[in-house]
Amino acid sequence: MKQHLFFSAILVAGFLSTNAQNAKPEDTEYYTPVPKVVTPGSAYGVPPSDAIVLFDGKNLDQWVPTKDSTSNNKWTVADNCMTVNKANGDLQTKRSFTDFQLHIEYRIPANITGSGQARGNSGIFLAALPWGAGGYELQVLDNYNNTTYVNGQAGSMYKQTPPLVNACRKPGEWQTYDVVWTAPRFNEDGTVKSPARVTVLHNGVLVQNNTTLTGDTPYIGKPEYKKHGAAPIKLQAHGDKSEPISYRNIWVREL
């Protein structure tokens with residue numbers, strides 16, 4: 001029996017060797033479908049040709065208040081940025097998205113006060129939901145020499161996964177998030193077919209590496225999934241007493 005297996009292995013090896021010798025480079029080359037052409041931005045942060053620009057510094061036409069989508073009570077637009085108006089609450093996009101690449105820039109005020117979670121607190125909800133925790137939050141906070149729980153600092157998926165590193169700039173300086181979001185998928189009965197995943201670069205530094213989420217991002221309690229489809233992107237007007245932060249240059253590419 002062992003002899004039989006030995007000679008069989010030799011025959012298979014010989015066949016594979018002969019097959020490899022007869023192979024051609026074009027056997028493993030294909031030419032369709034051809035990827036579409038996208039023109040990159042002229043510099044880092046400039047939207048590429050296929051981007052949907054959500055905020056270019058001019059107006060908030062792409063945004064509505066989360067509390068009342070018919071209201072005109074939004075945030076302040078000046079000097080090519082929008083500044084959180086805490087009294088008017090969260091803003092979210094008019095459009096809904098599934099999988100996407102997101103670029104967004106924010107600035108913690110130079111005169112920021114407070115400490116811990118009460119210091120420049122905001123959040124980017126990569127999929128805003130009208131229940132529970134309100135979606136899946138990428139934390140925005142001033143963590144330049146400001147300590148808090150690590151799964152609630154800037155760059156964390158709130159209350160789930162801390163950032164790989166703290167890449168925060170000083171208050172008063174503009175900072176960037178570049179995000180690749182893969183939304184969760186659900187079976188017909190509401191069970192999870194595939195969980196949400198996210199990759200995040202904070203100021204050009206990788207802080208979430210294809211992180212798998214175990215559900216939404218509640219302040220109290222455990223994460224959980226509830227069936228949903230495409231959803232808006234939401235920016236949080238946090239109720240802490242520190243000075244409001246600003247956002248600019250927001251664009252998204254649907255994937």
Intermediate values then yes/no, side-chain contact (heavy atoms from CB on, under 4.5 Å), Val140 and Tyr247 | CA-CA 11 Å; Val140 177; Tyr247 290 95; 3.8 Å; yes
Please list every donor-acceptor pair under 3.5 Å in which a side-chain atom of residues 37-49 meets a protein atom from a residue at least two apart or in another chain.
from, atom 1, to, atom 2, distance (Å)
Tyr44, OH, Thr176, OG1, 3.3
Tyr44, OH, Asp178, OD2, 2.3
Ser49, OG, Thr39, N, 2.8

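- Residues passing the side-chain hydrogen bond (donor to acceptor under 3.5 Å, both in side chains) test with Gln92, sequence neighbours excluded: Thr66.
- Between Val77 and Asn59, every side-chain heavy-atom pair lies at or beyond the 4.5 Å cut-off.
- Applying the salt bridge (Lys or Arg N to Asp or Glu O under 4.0 Å) rule to Lys94 yields no partners; only residues at least two apart in sequence or on another chain are considered.
- Put simply, the side chain of Lys86 gets close to the backbone of Asp240: a donor and an acceptor are under 3.5 Å apart.
- Under the 4.5 Å side-chain heavy-atom criterion for grouping Ile, Leu, Val, Met, Phe, Trp and Tyr, Val252 is not connected to Phe125 through any hydrophobic cluster.
- More than 12 heavy atoms of other residues, nucleotides or ligands sit less than 6.0 Å from atom NZ of Lys227.
- A donor-acceptor pair under 3.5 Å links the side-chain atoms of Tyr225 to the main chain of Ala196, judged by distance alone.
- Annotation for Asn187: atom CG counts as buried by contact number, over 12 foreign heavy atoms lying within 6.0 Å.
- In this structure, Arg253 places its CZ atom where more than 12 heavy-atom neighbours from other residues, nucleotides or ligands lie under 6.0 Å away.
- Residues passing the ring pair (Phe, Tyr, Trp, His ring centres under 6.0 Å) test with Tyr136, sequence neighbours excluded: Trp181, His228.
- Trp174 contributes no side-chain N or O that, together with a main-chain N or O of Arg248, makes up a donor-acceptor pair within less than 3.5 Å.
- Without hydrogens or angle criteria, Ser71 side chain to Asn73 main chain gives a donor-acceptor distance under 3.5 Å.
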Take Gln236 and Asp90 through the test side chain to side chain donor-acceptor pair (under 3.5 Å) and record every step on the way to the result.
-> CA-CA 5 Å; Gln236 184 184 47; Asp90 303 344; 5.4 Å; no
Would you please test Met82 and Leu60 for side-chain contact (heavy atoms from CB on, under 4.5 Å) and show each step?
-> CA-CA 8 Å; Met82 59 171 164; Leu60 292 173; 3.1 Å; yes
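- By the ring pair (Phe, Tyr, Trp, His ring centres under 6.0 Å) test, Tyr177 is found to be paired with Tyr106, His202, residues two or more places apart in sequence or in another chain being considered.
- Distance alone, capped at 3.5 Å, places no donor-acceptor pair between the Thr211 side chain and the Gln208 backbone.
- With hydrogens and angles disregarded, no donor-acceptor distance shorter than 3.5 Å links the side chain of Thr199 to the backbone of Asn209.
- Applying the salt bridge (Lys or Arg N to Asp or Glu O under 4.0 Å) definition to pairs two or more places apart or across chains, none involves residues 52-65.
- Under the salt bridge (Lys or Arg N to Asp or Glu O under 4.0 Å) criterion, Glu243 pairs with no residue, sequence neighbours left out.
- Neither Leu206 nor Val180 shares a network with the other; the hydrophobic side chains, linked directly or stepwise wherever heavy atoms of I, L, V, M, F, W or Y lie under 4.5 Å apart, form separate groups for each.
- Looking at residues two or more places apart in sequence or on another chain, you find no side-chain hydrogen bond (donor to acceptor under 3.5 Å, both in side chains) involving Asp27.
- Under a cut-off of 6.0 angstrom, the local environment of CD in Glu26 is crowded, with over 12 non-hydrogen atoms contributed by other residues, nucleotides or ligands.
- Within the structure, the salt bridge (Lys or Arg N to Asp or Glu O under 4.0 Å) test picks out the following pairs touching residues 136-158 (sequence neighbours left out): Arg119-Asp142.
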Could you list the donor-acceptor pairs under 3.5 angstrom formed between side-chain atoms of residues 159-169 and any protein atom two or more places apart in sequence or on another chain?
from, atom 1, to, atom 2, distance (Å)
Lys159, NZ, Tyr219, O, 2.5
Gln160, OE1, Thr214, N, 3.0
Gln160, OE1, Thr214, OG1, 3.1
Gln160, NE2, Gly215, O, 2.9
Gln160, NE2, Asp216, O, 2.8
Asn166, OD1, Cys168, N, 3.0
Asn166, ND2, Asn143, O, 3.0

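- Applying the salt bridge (Lys or Arg N to Asp or Glu O under 4.0 Å) criterion to Asp68, with sequence neighbours excluded, gives no partner residue.
- Remark: Arg185 pairs with Asp99 by the salt bridge (Lys or Arg N to Asp or Glu O under 4.0 Å) rule, at least two apart or across chains.
- By the 6.0 Å and 45° rule, Lys74 does not stack over the aromatic ring of Trp63.
- Put simply, the side chain of Ser122 never gets that close to the backbone of Leu235: no donor and acceptor are under 3.5 Å apart.
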